[in-house]
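Fair warning: this is a prediction, and the values are worked out from it, not measured in the lab. Values below: all heavy atoms of this structure, side chains included; hydrogens, waters and symmetry mates excluded.
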Amino acid sequence: MLEIQKKISTTLKSIEESLNFSHRDNKTLKIIAVSKKKPIEMISQALEAGILNFGENYLQESIEKVKFFKGSKIIWHFIGSIQSNKCKDIAENFDWVHTVDRIKTAKLLSKFCPNGKRLNILIQINIDSEETKSGVSENELIDIAMEIDNLPNLNLKGIMVIPENKEDKNDLSESFKKTFLLSNKLQMKIKTADEISMGMSGDYNLAIENGSTMVRIGTGIFGERN
Ligand SMILES: *Cc1c(COP(=O)(O)O)cnc(C)c1O
């Protein structure tokens, strides 16, 4: 069996255990394979193993990949930081954008969204108020969400977080719980914004147990990046 298939089956099994533990159906979770810095060949292998959602951070390399897989069933997620001059390419090549944290970005994505397409948007929240990290603050969320929800070509689907690097699982769990409560608050205003993108290779079990609906897994599927 291929190395990737082994990794994927181990990861899927571990995910299944967390879903069972939380009494959740596997339809309530999307698994996003983060393929940044990984070649087309490996994406093909993951696709063959049944993965449909792929996440990319770097626009240049991702556009080549999107082009290569045109006509396939792949759903592309942009999870990198966004500069204004990249909004057109992002709107044209991706299905989901997880890292929107400014209304200006949202407006550009809506403006450049091709005719008839609807771009799925998640608002990134700086859940641990870290100075070096992007994302809106908890207090800003509802205002920016209402504004994005009014833009013509976007579907506001929920929120995304990258918590602070924490040794202690209890501390990390606090960040996830805080995110879950914030998502509930958002859903009281916008019912359809019910997705929570949280959890990576090192912490997806804990994220799933705290209500994540989208896990972004790189190393756990493709192996270490160099
Ligand atoms: C790279 C990256 C991931 C995946 O990280 P792993 O630890 O390899 O699973 C997830 N989310 C974001 C935003 C990333 O940049």
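Looking only at atom types and distance, the side chain of Glu48 has no donor-acceptor partner in the side chain of Ser44 under 3.5 Å away. In this structure, a donor-acceptor pair under 3.5 Å is absent between the side chains of Asp95 and His77. One side chain, Ser137 or Glu140, offers a donor N or O that lies under 3.5 Å from an acceptor on the other.
The two residues Ala91 and Leu109 have their closest heavy-atom pair at CB-O, 3.7 Å. For the residue pair Ser201 and Gly220, the shortest heavy atom distance occurs at OG-N, 2.9 Å. Shortest non-hydrogen contact noted between Ala33 and Phe222 is CB-CE1, 3.8 Å. Minimum interatomic distance between Val161 and Ile127 (heavy atoms only, all atoms of both residues): CG1-CB, 3.8 Å. Across all non-hydrogen atoms, the minimal contact from Ile217 to Ile221 is O-CD1, 3.8 Å. Looking at every heavy atom in both residues, Ser84 comes nearest to Arg102 through OG-NH2, 3.9 Å.
Summarising the geometry, atom CD1 belonging to Ile125 is positioned 10.5 Å from atom CG belonging to Asp101; distances are rounded to the nearest 0.5 Å. Interatomic distance, CD1 of Ile142 versus NZ of Lys189, reported as 6.5 Å (0.5 Å rounding). Note that the CG atom of Leu172 and the CD atom of Glu174 stand 10.0 Å from one another [nearest 0.5 Å]. Interatomic distance, Leu19 CG to Glu17 CD, rounded to the nearest 0.5 Å: 10.5 Å. Note: Asn155 CG to Arg118 CZ = 4.5 Å, rounded to the nearest 0.5 Å. One distance of note links CG of Leu181 with NZ of Lys178; it measures 10.5 Å at 0.5 Å rounding.
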Q.
Set out, in order, the CA-CA distance, both residues' side-chain angles and the distance that settles side-chain contact (heavy atoms from CB on, under 4.5 Å) for Asp89 and Ile63, then state yes or no.
A. CA-CA 8 Å; Asp89 280 330; Ile63 288 174; 3.7 Å; yes
Q.
Evaluate Asn26 against Glu16 for side-chain contact (heavy atoms from CB on, under 4.5 Å), listing each step before the verdict.
A. CA-CA 7 Å; Asn26 64 10; Glu16 203 61 45; 4.0 Å; yes
Q: Show the numbers, then the answer: is there a side-chain contact (heavy atoms from CB on, under 4.5 Å) between Leu119 and Ile121?
A: CA-CA 6 Å; Leu119 204 51; Ile121 301 291; 4.3 Å; yes
(Q) One pair to check against side chain to side chain donor-acceptor pair (under 3.5 Å): Ser9 and Gln5. What are the steps and the verdict? (A) CA-CA 6 Å; Ser9 86; Gln5 285 174 342; over 6 Å; no
(Q) Set out, in order, the CA-CA distance, both residues' side-chain angles and the distance that settles side-chain contact (heavy atoms from CB on, under 4.5 Å) for Leu52 and Ile74, then state yes or no. (A) CA-CA 5 Å; Leu52 284 182; Ile74 292 185; 5.7 Å; no
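When the side chain to side chain contact (heavy atoms under 4.5 Å, CB included) test is applied to Lys65, the partners found at least two apart in sequence or on another chain are Ile40, Ile43, Glu56, Glu61, Trp76. Listed by chain and residue number, Asn205, Ile208, Glu209 satisfy the side chain to side chain contact (heavy atoms under 4.5 Å, CB included) test with Ser18 (two or more places apart in sequence, or in another chain).
Put simply, the side chain of Thr179 gets close to the backbone of Ser175: a donor and an acceptor are under 3.5 Å apart. Under a 3.5 Å cut-off, the side chain of Lys30 and the backbone N or O of Val215 do not form any donor-acceptor pair. In this structure a side-chain-to-backbone donor-acceptor pair under 3.5 Å is present from Arg24 to Thr28. Under the 3.5 Å distance criterion, the side-chain polar atoms of Ser110 are left unmatched by any main-chain donor or acceptor of Lys107. Looking at Asp149, its side chain never comes within 3.5 Å of a backbone N or O of Ala145 through a donor-acceptor pair. Side-chain atoms of Lys157 never come within 3.5 Å of backbone atoms of His98 as a donor-acceptor pair (strictly under, hydrogens ignored). Between the side chain of Thr11 and the main chain of Ile8, no donor-acceptor pair closer than 3.5 Å is present.
Using a 4.5 Å heavy-atom cutoff, the side chains of Ile159 and Gln124 are not in contact. Side-chain atoms of Ile148 and Ile123, non-hydrogen and from C-beta on, do get closer than 4.5 Å to each other. At a threshold of 4.5 Å between non-hydrogen side-chain atoms, the residues Thr105 and Cys87 count as touching. Put simply, the side chain of Phe94 reaches to within 4.5 Å of the side chain of Leu59, judged on heavy atoms.
In the hydrophobic clustering of ILVMFWY residues, with side-chain heavy atoms under 4.5 Å counting as a link, Phe68 and Leu47 come out together. Each of Ile82 and Leu108 belongs to its own hydrophobic cluster when Ile, Leu, Val, Met, Phe, Trp and Tyr are linked at side-chain heavy-atom distances under 4.5 angstrom. Hydrophobic clustering of Ile, Leu, Val, Met, Phe, Trp and Tyr side chains at less than 4.5 Å, counting indirect connections, keeps Ile31 apart from Phe21. Neither Ile90 nor Phe112 shares a network with the other; the hydrophobic side chains, linked directly or stepwise wherever heavy atoms of I, L, V, M, F, W or Y lie under 4.5 Å apart, form separate groups for each.
The side chain to side chain donor-acceptor pair (under 3.5 Å) analysis of residues 210-226, with sequence neighbours excluded, yields the pairs Lys177-Asn210, Glu195-Thr213, Ser197-Arg216.
Using a cutoff of 4.0 Å between basic side-chain nitrogens and carboxylate oxygens, Lys88 and Glu92 are scored as salt-bridged. Checked for salt-bridge contact, Lys166 and Asp128 meet the test: a charged N lies under 4.0 Å from a carboxylate O.
Other members of the cluster containing Ile79 are Val34, with ILVMFWY side chains joined at under 4.5 Å, either directly or via other members. Counting Ile, Leu, Val, Met, Phe, Trp and Tyr side chains that sit under 4.5 Å apart, directly or through other members, Met188 stands alone, with no cluster partners. Hydrophobic cluster of Ile162: the remaining members, joined at side-chain heavy-atom separations below 4.5 Å, are Ile32, Ile75, Trp96, Leu122, Met160, Met200, Met214, listed by chain and number.
Considering Gln45, Lys7, Met42 as possible partners of Leu2, the one that fulfils the side chain to side chain contact (heavy atoms under 4.5 Å, CB included) test is Gln45. The side chain to side chain contact (heavy atoms under 4.5 Å, CB included) test with Met146 singles out one residue from Ile190, Leu156, Leu141, and that residue is Ile190.
In the displayed structure, Asn165 atom CG is contacted under 6.0 Å by at most 12 heavy atoms of other residues, nucleotides or ligands. By the 6.0 Å contact criterion, NZ on Lys117 is enclosed, its count of non-hydrogen atoms from other residues, nucleotides or ligands being greater than 12.
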